[in-house]
Amino acid sequence: MDATLPASALARRSKEGPTPLFGAYGIVKRFGSFTANDGVDLEIRAGEIHALLGENGAGKSTLMKILYGLLEPTEGVVTHKGDIVQLPNPEAARRLGIGMVFQHFSLCENLTVAENIALVMPKDLSGRALADRIARLGIDYGLHLDPDRPVWSLSAGERQRIEIVRCLLQDPSLVILDEPTSVLTPGEAEVLFTVLERLREEGRALLYISHRLDEVRRLCVRATILRGGKVVGACNPREETARSLAAMMVGSAVREVTPREGGAVGRERLRLDRLSLPAPDLHATALHDVSLSVAGGEILGIAGIAGNGQAELFAALSGESRAPEPDSVRLDGKPVGALGINARRRLGAGFVPEERNGHAAAPLMSLSENALLSRYPTASLTRFGLIRLGAARDLAKRVIEAFDVRKAGPDPAAGTLSGGNLQKFVVGREIQAEPGVLVINQPTWGVDAAAAAHIRQAVIDLAARGTAILVISQDLDELFEIAGSIAVLHDGTLSPAVPAGETSREAIGLLMGGSSDHAPPVADVAHPREPMPSPAHAH
Ligand SMILES: Nc1ncnc2c1ncn2[C@@H]1O[C@H](COP(=O)(O)OP(=O)(O)OP(=O)(O)O)[C@@H](O)[C@H]1O
């Protein structure tokens, strides 16, 4: 088969020794006139955790989808143990021993763990035999799962375990992981790292995609770096720093976030007063007696493990859920609990939900149409009931330039942007409105180091201009980098906020896990018990 391999494969072969387990050579992938992968070579060896690094839009997911048979390359070949193979679909990839753990879980909420796994297993493996295999894997790898639990009752970490067990049941020789820790708590991530190390020791290969460079440095000894669809370098991450890796990805030094020095804190702009809301459905979390207060110029961080009421808190703040008592939610002193999201936007608030596809943005609509969706109440994008398309396009263009949104074509559909670039767009769209109050849920989820620094700096700068900002984030490093004070949401209950400088990751981590024995010193910021001062008298 060697005769048909591209020259780049043969050249590497003579230089780098043994045949790699999997190789991708000369991979080109074009979407219309846009080239997402441009002559990529990648070799993955048995027994290594190989990092695939690159800024948002660099082409990592595209390459991964080609390896897993989800996309067909425009040019180039994939090899298995030196032989060219065809990967027309994921089933073909799985037959060759390629498994994938997806970033967005593909599980049915109402089915049990075993039923979800059975969906992708051969028919002869079901019932008791399958439950036994799941239990066996749990013991062998420390991936404990109760086969009879319904998925809706599981945490993100447990759901990911199902994906991993599902993958391992097929005994893969290569496991592809796309940002596997982005939904995990620090404790859950540790469990995952142990499993990955174990898989590596067994001689399996792992292809690891992550924007978290510290974990890449810890796990991987080889990394391939993509930029603009091309391979721009390879390195041993252990010999690099997180900064030098980020610089390789971006092609220049990544600027550091400059924290705000003190800065005037203005009057109270956002307030929740003992807000309680029942869980909107079986799988949701009720909010209990949540109080908080954010003044202009202040950034309040809400830490917590996913599924502890973050989505419900966001909905209550944005108006997607109405409060039973109108004055339990106030914007600039006005009771807004009964108002919807557009009315709250007209009062000067901006909102960035966690899920960019389908919530923050409509994937099939263009960026300018998406600009219109959230900004029409305030940005003069309609006249006499008609949409001003030119104005919407101008607005989208300003956001794209200010936030360096990389994309194919001038005004593409939101769904064609890479995850990080769409995130930059939806955050930029709200910040560009200069809101008086901004509520962001997971601002830099899946965003590369340079873009994350850009978004965090933009949030800090917005606060410096007098905006009250509430950031919900699972990323404690992020909260300590930008927030002035931090509160923890656990099981729908919010802890008192404490100044970030007076607490620690450990103390916040314990509260995230539900421990109240280690409550950090209480500051008065988030639990106002006194009646609301009038804006003129507030701090
Ligand atoms: N179906 C598609 N149609 C058009 N363009 C696409 C399509 N899929 C991906 N692209 C473009 O290809 C480029 C590479 O995207 P890809 O998702 O591979 O990047 P990535 O490195 O995984 O980024 P991220 O870290 O943000 O997930 C992006 O600019 C994206 O807009």
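Counting from 1, the numbers follow the sequence of the chain as shown. For ligands, and for the atoms within them, numbers begin at 1 and follow the listed sequence.
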Can you find an N or O of [X] that's nearer than 3.5 Å to an N or O of ligand 1?
X: Asn421; value: no
X: Ala58; value: yes
X: Asn56; value: yes
X: Arg406; value: no
X: Gly59; value: yes
X: Ala36; value: no

Query - From Arg456, Arg505, Arg212, residue fulfilling salt bridge (Lys or Arg N to Asp or Glu O under 4.0 Å) relative to Glu478 - result: Arg456

Considering non-hydrogen atoms of the protein only, which is the closest contact for [atom], and what is the distance?
atom: atom 13 (C) of ligand 1; answer: Phe34 CE2, 3.5 Å
atom: atom 31 (O) of ligand 1; answer: Thr416 O, 2.5 Å
atom: atom 2 (C) of ligand 1; answer: Phe31 CD2, 3.4 Å

With the threshold set at 4.0 Å, does a side-chain nitrogen-carboxylate oxygen contact exist between [X] and [Y]?
X: Lys81; Y: Asp83; result: no
X: Glu91; Y: Arg95; result: yes
X: Glu201; Y: Arg198; result: no

Requested in this report: Record the part of Ala408 in heavy-atom contact with ligand 1 below 4.0 Å; permitted values are side chain, backbone, both and neither.
Outcome: neither

Query raised in the report: What atoms of ligand 1 come closer than 4.0 angstrom to any heavy atom of Glu55?
Result: 21 (O)

Report task. Identify, by atom number and element, the atoms of ligand 1 in contact range of Ser61, meaning under 4.0 Å from any of its heavy atoms. Result -> 17 (O), 18 (O), 20 (P), 22 (O), 27 (O)

Query raised in the report: So His454 and Phe403, would you call those rings parallel, tilted or perpendicular, with 30° and 60° as cut-offs?
Result: tilted

Query raised in the report: Should Gly419 be listed as contacting ligand 1, given a heavy-atom distance under 4.0 Å as the test?
Result: yes

